[in-house]
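Below: the structure, in structure tokens.
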Amino acid sequence: MKKVVIFSGTTEGRMLSSALARRKLQHVVCVASEYGKEMMEDSPFALLHVGRMDADEMAGYLRGCFEGEDGTVVDATHPYATEVTENIKRAAGTLGLTYIRVVRGKSGMTGKDASIYTDIADCATALEETEGNILLTTGSKELHKYCETVSAETRRRTYVRVLPTVESLEMCMSEGIEGDHIIAMHGPFTRECNEAVLRQYAIRHLVTKDSGTAGGFEAKAEAARNVSVRLHVIERPVEEEGVGVEEAERLLLSDCPLPDEKEEMMISVVGIGMGSRACRTMEAEDAIRSADAVFGAKRLLESLEDIPAERKYGMYRAEEIIPVLEREDFTHAVILYSGDSGFYSGAKRMIHALKAWRSRLSVRVLPGISSVAYLAAKLGESYENAVLFSLHGKNEETDYGALVREVRYHEKVFSLLSGGRDVSEVAKRLMEAGLQGTVFVGADLSYDTERIEELSFEEAASYGVEGIPTVLIRNRAPERRPLLPVKRDTEFLRSKVPMTKECVRHESILRLEPREGDVLYDIGGGTGSVAIEAAALHPSLKVYTMERKTEAASLIRENLKAAGTGNVTVLEGEATALIKELPKPDAVFIGGSGGRLREILELLTSKGTGIRYVINAVSMETMGEVQKLLESYKTSDERTIMLSVSEVNQVGAYHMLQGQNPVWIFSFTI
């Protein structure tokens, strides 16, 4: 085999070095720091070079390594280390060496999921306009540019997570970061670890690079979502061409088989039912017994009494498991999931991560018995005509609201819950929604302590048994779901707060053209009638209603509670301040702007293009302002109508027309 030099700054570099070492092939690995050296596995086949090199030093070092012979230079440095990559590429080209660039997959995240910036300075400028604590996870090298951009006040609310090295700590101190705002930790960081840090330091904004799964990006993004922290992403400086780590390994080792031609690793993703051995399939039992290693949550591993402790690994997330698979020489590994691997399971995400790590990996999925199937069998119920729903790991109002809606319109709903408290919370919400029925609660299913109880909603509201229950909710009188979920004006509390009347409201929502999963803004919420009616169209919609008057905001909350709507967020304050903190919308309704329509539109268009707008106007002044604004922007699908509505009301023995104010409805896309 020709000589190989790997410039390593990432997991991928360590993986390639390990692959060469397993085949007992000598190679050189260049790392920038002592910390990088510590991260490498000790191997007699890997010669380490420690220290940063400029372009000339790099060319000289490679010349000495290859001594005029052919060879390959592998660039497995960080995707943001553009200068280093350029130097490696130039040095390899000058010496006529084969150059392989290992690139890491991007997240594919859009402005809908996070705020995205070209560099740390742009991000720092945007953070100046925010409130709340900030966590930087972009490394110490970006710290100087960040600190010279932000104000002293913003720097005081900034926390920095860096490597636990003297160099990193000195950089933080030199930039004026206080000691209690420095989090010196060594990764990889799991989602749970990230969530703990975000909660401990009351973080509102998480800043990260798009470093891919191997760089911990997904664990940070998921933690931010779970803790309702705004994610700020520094996009990659350039779009690189290269190969994944699997392809790089194939190119390096195509003519170098393993010395003993070892069998390719097999991974079995196994559903083991509720937990007791009696519920496992024979196929699952065989896989577990034959495995070199079994991964899973600790409560699942505890049920494997006949498996030696040294073969058990109490972990269930890809970022924890993959490093172990890299390090150990397993022939067959099993990853356990409770219930059925294809029913509200983390198995799908695990399989995706495994394939991204090693594309030629042999992965098989073994199904298990789900707790829904088990409970249905115990009750003698069928579930082909039931709704299946999961609240497991979810406790947002949106989630509870979605379950209540399903129960409202169906006789039978099976649901997975997170704990006994969920039984009580669900029952209370069902009663608040005016529903009547029965809850069958299954706890410790398949174990000797199994309990299945039939409870009324009133009895279930005080349920307090520990464990992870599965429930069947029976609605005594399910309603027929309306095909047009419109609401009447009489369904809303109003007081003296202005309200978009029903005919105008229906037409305005129609022109918003909402689609599943959209983010909608309702600016000038009033009674909340537009937000509530729009949110009722589909539970996947995420609606933000903004109202600057306290009385109106309180009224919106009352109307939301009465409607049982869980996918609307009420924001009190000036829209111009609130918009900055929100994700990019897909559609925006403006019923009231407080005289700041131009400023609102400028802020919205700064979030991106392709946003659908609907503006209601009742005064000549607002109509004129909208017309001027439309001339300032390049719009599409522009339509304007004037809607005049008169209701017939009985006055004594007569039926009289009572006219409402004519309303202009402007709709367009920018």
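Note that the structure is predicted; figures quoted are calculated from it, not measured. Numbering of residues begins at 1 and proceeds along the displayed sequence. Basis for what follows: all heavy atoms, side chains included, without hydrogens, waters or symmetry-related copies.
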What's the spacing between [X] [atom1] and [Y] [atom2] if we round to 0.5 Å?
| X | Y | atom1 | atom2 | answer |
| --- | --- | --- | --- | --- |
| F217 | D210 | CZ | CG | 5.0 Å |
| S18 | D329 | OG | CG | 11.0 Å |
| I335 | I321 | CD1 | CD1 | 4.0 Å |
| L25 | S43 | CG | OG | 10.0 Å |
| H392 | S338 | NE2 | OG | 6.0 Å |
| I88 | I6 | CD1 | CD1 | 11.5 Å |

Is the backbone of [Y] close enough, under 3.5 Å, to the side chain of [X] for a donor and an acceptor to pair up by distance?
| X | Y | value |
| --- | --- | --- |
| D292 | T331 | yes |
| H181 | V160 | no |
| R250 | E246 | no |
| Y344 | L388 | yes |
| S17 | G13 | no |
| R101 | D75 | yes |
| K220 | L231 | no |
| S362 | M266 | no |
| K378 | L445 | no |
| R161 | L135 | no |

With a 3.5 Å cut-off and sequence neighbours excluded, list the donor-acceptor pairs that the side chains of residues 197-204 form with protein atoms.
unit_1 : atom_1 : unit_2 : atom_2 : d
R199   : NH1    : E195   : OE1    : 3.3

Steps toward side-chain contact (heavy atoms from CB on, under 4.5 Å) verdict (Y159, N133): CA-CA 7 Å; Y159 291 77; N133 291 344; 3.7 Å; yes

Is there any side-chain hydrogen bond (donor to acceptor under 3.5 Å, both in side chains) pair reaching into residues 265-281, and which pairs are they, with sequence neighbours excluded?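 For residues 265-281, and leaving out neighbouring residues, the side-chain hydrogen bond (donor to acceptor under 3.5 Å, both in side chains) pairs sorted by first residue read S268-H332, S268-R364, S276-S446, R277-E285, R277-D306, R280-E285, R280-S303.
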
Heavy-atom neighbours of [X] [atom1] exceed 12 at 6.0 Å:
| X | atom1 | value |
| --- | --- | --- |
| R349 | CZ | no |
| K312 | NZ | yes |
| Y383 | OH | no |
| R421 | CZ | no |
| E241 | CD | no |

Tell me whether the rings of H232 and H205 are parallel (<30°), tilted (30 to 60°) or perpendicular (>60°).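 Judged by the thresholds at 30° and 60°, the geometry between H232 and H205 is tilted.
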
What are the two closest non-hydrogen atoms of [X] and [Y], and how far apart are they?
| X | Y | answer |
| --- | --- | --- |
| F295 | L301 | C-CD2, 4.3 Å |
| E450 | Y374 | OE1-OH, 2.6 Å |
| E320 | Y316 | OE1-N, 3.6 Å |
| V270 | A284 | CG1-CB, 3.5 Å |
| I369 | C279 | CD1-O, 3.5 Å |
| K298 | G314 | CG-CA, 4.3 Å |

With a 4.5 Å heavy-atom cut-off, do [X] and [Y] have their side chains touching?
| X | Y | answer |
| --- | --- | --- |
| H352 | K348 | no |
| M53 | F7 | yes |
| T208 | V233 | yes |
| M350 | I267 | no |
| D422 | P469 | no |
| R451 | D444 | no |
| R191 | N226 | yes |
| H27 | L16 | no |

Using the test ring pair (Phe, Tyr, Trp, His ring centres under 6.0 Å), find all partners of Y80 that sit at least two apart in sequence or belong to another chain.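 Partners of Y80 under the ring pair (Phe, Tyr, Trp, His ring centres under 6.0 Å) test: H78.
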
When you look at V439 and Y463, which way does the side-chain contact (heavy atoms from CB on, under 4.5 Å) test go after all the steps? CA-CA 11 Å; V439 182; Y463 187 87; over 6 Å; no

Under the side-chain contact (heavy atoms from CB on, under 4.5 Å) rule, what do V50 and E34 come out as? Steps first, then yes or no, please. CA-CA 7 Å; V50 181; E34 287 295 328; 3.7 Å; yes

Considering only NZ, NE, NH1 and NH2 on the basic side and carboxylate oxygens on the acidic side, decide whether E142 and K209 come within less than 4.0 Å.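 Salt bridge present between E142 and K209.
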
Chi angles and distances behind the side-chain contact (heavy atoms from CB on, under 4.5 Å) call for T11, I322: CA-CA 11 Å; T11 301; I322 288 175; over 6 Å; no

